[in-house]
2 protein chains.
Amino acid sequence: MNLKELAQKLGLSPTTVSRALNGYPEVSESTRARVMAAAKRHNYRPNTRAIRLATGRAMAIGHVIPIASRHEIMNPVFADFIAGAGETYARNGYDLILSIVPDDDEDRIYRDLHARGAVDGIIVHGPRLNDPRLQLLDDIGFPYVVHGRATGTVTPYSWLDVNNRRAFRRATEFLLDFGHRRIGLINGLEFMDFAIRRRTGYLEALAARGIAPDPDLMSSEEMTELRGYRAACAMLRHDVPPTAFLASSMISGLGLRRAIEERGLRLGSDISVIIHDDALSYLPNGDDVPIYTATRSSVREAGRQAAEMLLDIIAHPASAPQQRLLEAELIIGQSTGPVPAPRRS
Amino acid sequence: MNLKELAQKLGLSPTTVSRALNGYPEVSESTRARVMAAAKRHNYRPNTRAIRLATGRAMAIGHVIPIASRHEIMNPVFADFIAGAGETYARNGYDLILSIVPDDDEDRIYRDLHARGAVDGIIVHGPRLNDPRLQLLDDIGFPYVVHGRATGTVTPYSWLDVNNRRAFRRATEFLLDFGHRRIGLINGLEFMDFAIRRRTGYLEALAARGIAPDPDLMSSEEMTELRGYRAACAMLRHDVPPTAFLASSMISGLGLRRAIEERGLRLGSDISVIIHDDALSYLPNGDDVPIYTATRSSVREAGRQAAEMLLDIIAHPASAPQQRLLEAELIIGQSTGPVPAPRRS
DNA sequence: GATCAGTTTCAAACCGCTTTGGATAGTGCA
DNA sequence: TGCACTATCCAAAGCGGTTTGAAACTGATC
């Protein structure tokens with residue numbers, strides 16, 4: 001059932017039917033009602049392909065997810081972010097098209113998506129230090145929103161980010177207030193922007209108390225359980241081991257906990273731990289009481305908001321870039337406590 | 001730069017240019033070369049929207065991911081599966097469009113995607129017992145491939161699945177061979193098809209040795225760390241606790257390990273554990289030596305193959321439904337060993 | 001009854017490509 | 001030289017909508 005057939009059945013022109021369905025004023029309410037009813041009755045849906053060609057809009061947003069070609073890691077937060085963004089798109093009649101791309105091939109994909117007219121805008125995932133993609137997208141003239149920021153980029157651009165620096169600063173201060181002085185940082189890969197900012201927050205807090213950072217207590221790794229475990233083991237073997245840790249993700253935190261408990265230490269009493277909790281649906285931080293003290297910010301909510309932002313930018317192309325900085329909340333769980341009385345090893 | 005402009009520049013008709021670019025024979029090789037060169041020089045990409053309208057094909061595949069509306073869990077394997085499927089699509093010029101849908105709204109989405117002509121086919125995720133979606137898709141006449149199977153569906157349909165039953169049977173037998181008799185099963189939710197099959201495999205192996213299953217040793221939960229932990233704790237508190245476990249996912253396995261180690265038991269010597277490893281990129285099972293003994297099957301590879309299957313079905317609509325059953329390999333890690341000598345608790 | 005503004009409706013052009021059904025030129029062969 | 005045949009190219013008609021510009025119809029006004 002297409003527009004022409006529907007019009008024929010109604011004894012109207014396609015023009016009128018189209019206008020009736022799209023809410024244009026130059027059609028009488030009585031015929032509009034008649035058209036609407038017929039459309040529903042015949043279960044008419046306008047053909048997306050035709051709409052797209054006619055209007056020149058793709059009614060679709062591209063999510064380009066880079067995969068580091070070396071290790072093929074698919075960042076687990078993407079799933080929840082996309083679930084959030086998808087809600088927004090569904091509400092607004094947009095499709096979400098997903099490209100998983102080796103990170104050395106991203107340029108081509110962006111140019112392609114634009115030239116082919118496949119999408120109206122882009123969400124940029126996983127920004128890095130001095131990320132070249134932003135300049136590229138500006139050059140092409142593609143509307144986009146970055147999930148995160150790209151330290152080093154000076155020209156203004158649209159982004160939505162969590163205040164990673166402040167979150168980690170607060171978390172560090174929280175530990176310092178408990179008397180901890182040796183605090184290990186299990187960070188993500190530090191060419192990723194979020195990881196850079198988290199380290200900055202951590203360092204700021206230490207500096208504010210006049211504590212010199214110890215490189216031995218700072219690791220930068222992929223955020224897997226195993227890496228978290230290994231990094232924690234290494235630090236715990238230190239002559240003056242940390243009494244507290246900051247971990248950049250729930251998954252690292254699990255490895256961290258394993259390392260701690262394996263040594264017969266108790267999480268929260270012997271060793272304090274704060275993680276960053278992206279509130280991933282399949283990695284809940286406890287259900288009633290949080291297990292980990294955590295800086296929490298829902299990635300799914302970020303997805304919702306980033307998508308809204310992008311749709312707004314697409315609707316108002318002339319407007320200035322938008323930014324939104326979400327604050328992570330510090331939720332107190334059972335994994336933190338005062339520094340224990342020194343004990344002999 | 002569109003086809004007409006390019007044709008004009010070349011002094012040719014759009015027809016000829018189109019044919020030259022699409023490899024039709026009725027154009028001389030010399031002009032084809034000329035056209036190709038010009039296309040490259042002007043960086044011409046045909047407009048996807050126009051192609052789609054003209055050909056009547058969407059050149060896109062829909063992945064509909066149901067979210068259980070109650071608990072909003074986004075299955076983490078989707079991410080890797082989609083990464084695999086995406087590779088196939090990219091190679092074949094297809095787009096991947098993703099819909100995240102509350103599971104009570106799926107019907108509408110499928111009908112919509114079809115009526116709007118937004119996609120040429122569908123990958124069905126997360127099939128359940130007697131899944132009604134397959135019948136619906138058959139009724140609509142939508143090509144589709146199911147990732148997994150739907151026990152209870154009798155009409156033939158296309159699917160790609162891991163042999164979950166055999167994998168869990170083998171895993172159980174492996175434990176039985178080590179002398180274990182009390183084997184706990186930490187399964188996923190048992191309205192999901194894969195979980196049903198895994199339980200079946202487990203029960204078959206027990207039955208083959210004449211061992212009666214103990215309901216106390218079988219749990220069916222969402223596959224999160226916390227649920228795994230809880231389920232394991234409950235079983236370990238049993239009067240006659242299990243000496244071995246089977247866990248349905250890496251994440252449950254992490255919780256399971258925590259429960260074990262928290263009791264001062266050693267993984268692999270005191271308690272044996274086999275997990276199912278989907279080979280998710282961000283949850284590696286060790287890097288050199290596998291930590292867990294596991295039934296392993298790459299979800300990403302499954303994504304690649306399922307996508308190929310679907311494209312093939314779309315290309316040959318008349319052909320019979322296709323099926324492919326992947327075997328999981330049993331990889332031996334450090335988490336299994338002979339049943340320990342009985343000790344008093 | 002003619003005129004006019006305002007309301008409804010429609011025919012036709014257009015979006016950018018593919019594809020059908022010729023037209024034209026070039027070739028081999030009788 | 002003429003003819004059939006092939007190779008090469010093109011004009012035009014789609015695909016299924018939206019949108020422009022004009023026509024037809026309504027009352028109301030003079």
Side-chain angles (χ1 to χ4, degrees), chain A residues 1-36 38-39 42-60 93-95 112-120 315, chain B residues 1-36 38-39 42-60 93-95 112-120 315:
Chain A
M1 169 68 45
N2 61 21
L3 186 65
K4 207 194 290 182
E5 290 168 20
L6 185 64
Q8 213 137 33
K9 273 197 206 303
L10 282 162
L12 289 170
S13 74
T15 312
T16 306
V17 175
S18 167
R19 286 185 165 148
L21 292 172
N22 292 320
Y24 282 74
E26 53 272 81
V27 54
S28 74
E29 281 313 315
S30 62
T31 57
R32 188 193 305 282
R34 207 157 62 85
V35 171
M36 294 287 220
H42 295 94
N43 196 28
Y44 167 73
R45 317 257 115 173
N47 183 302
T48 314
R49 300 192 285 261
I51 292 182
R52 287 175 176 168
L53 180 56
T55 60
R57 296 183 309 156
M59 293 305 284
Y94 274 76
D95 282 337
D112 225 66
L113 285 173
H114 186 258
R116 284 168 38 210
V119 302
D120 296 319
Chain B
M1 168 67 48
N2 60 21
L3 186 67
K4 207 195 291 183
E5 291 168 20
L6 185 63
Q8 213 137 34
K9 272 197 206 304
L10 283 161
L12 289 170
S13 76
T15 312
T16 305
V17 175
S18 168
R19 286 185 166 149
L21 292 173
N22 292 320
Y24 282 75
E26 52 271 81
V27 55
S28 75
E29 282 312 314
S30 65
T31 56
R32 188 194 304 283
R34 207 156 63 84
V35 170
M36 294 286 222
H42 294 94
N43 196 28
Y44 167 74
R45 317 260 115 170
N47 183 302
T48 314
R49 300 193 284 262
I51 292 182
R52 287 174 175 168
L53 181 55
T55 59
R57 296 184 308 156
M59 293 306 284
Y94 275 75
D95 282 338
D112 227 65
L113 284 173
H114 187 258
R116 284 167 40 210
V119 301
D120 296 319

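Every chain is numbered from 1 and lettered A, B, ... according to where its sequence line falls, protein lines coming before strand lines.
The shortest distance between the side-chain N/O atoms of N22(B) and the OP1/OP2 oxygens of dT18(C) is below 4.0 Å. Phosphate contact (OP1/OP2 of dA7(D), side-chain N/O of S28(B), threshold under 4.0 Å): absent. A close approach under 4.0 Å does not occur between any side-chain nitrogen or oxygen of Y24(B) and OP1 or OP2 of dT18(C). Residue S13(A) places at least one side-chain N or O closer than 4.0 Å to OP1 or OP2 of dC10(C). Not one side-chain nitrogen or oxygen of T55(A) sits closer than 4.0 Å to the OP1 or OP2 atom of dC15(C). At the phosphate of dG17(D), OP1 or OP2 sits under 4.0 Å from a side-chain N or O atom of Y44(A).
T15(A) comes within 4.0 angstrom of a nucleotide base, judged by non-hydrogen atoms across all strands. Residue-level contact check: I51(A) touches the backbone only, with heavy atoms under 4.0 Å from sugar-phosphate atoms and none from bases. In this structure, L53(B) reaches the bases: a heavy-atom distance under 4.0 Å links it to at least one base atom across the strands shown.
Across the protein-nucleic acid pair, R57(A) atom CZ and dG17(D) atom C1' stand 13 Å apart, rounded to whole Å. Taking atom CE of M1(B) as the reference point, atom P of dC17(C) lies 10 Å away to the nearest angstrom. The interatomic distance linking R52(A) (CZ) with dT18(D) (C1') rounds to 15 Å, in whole Å. Taking atom CG of residue L21(B) and atom C1' of nucleotide dT19(C), one finds them 15 Å apart after rounding to whole Å. Atom C1' of nucleotide dG16(C) and atom CZ of R45(B) are separated by 16 Å, given to the nearest angstrom. Taking atom CZ on R19(B) and atom C1' on dC10(D), their separation rounds to 9 Å, with Å as the unit. Nucleotide dT6(D) holds its C1' atom 16 Å from the CD atom of E29(B), rounded to whole Å. At whole-Å resolution of the value, CG in L3(B) and P in dT19(C) are 12 Å apart.
Using a 4.5 Å cut-off on side-chain heavy atoms (C-beta onward), R52(A) and R49(A) make no contact. Proximity of R116(B) to N47(A): side-chain heavy atoms (C-beta onward) are nowhere separated by under 4.5 Å. The shortest distance between side-chain heavy atoms of T48(A) and M59(A) does not fall below 4.5 Å.
Nearest-nucleotide assignment on DNA chain C puts the 5′-proximal partner with R49(B), out of E26(B) and R49(B).
Side-chain atoms of A54(B) lie closest to dC17(C) of the nucleotides dC9(D), dT9(C), dC17(C). With dC10(D), dG16(D), dT19(C) as the choices, the nucleotide that has an atom nearest any side-chain atom of L12(B) turns out to be dC10(D).
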### Message
Using the rule given for side chain to side chain contact (heavy atoms under 4.5 Å, CB included), can you reason through M1(B) versus N43(B), listing the C-alpha separation, both sets of side-chain angles and the distance that settles it, and then say yes or no?
### Response
CA-CA 8 Å; M1(B) 168 67 48; N43(B) 196 28; over 6 Å; no

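At least one donor-acceptor pair under 3.5 Å links the side chain of D120(A) to the backbone N or O of A58(A).
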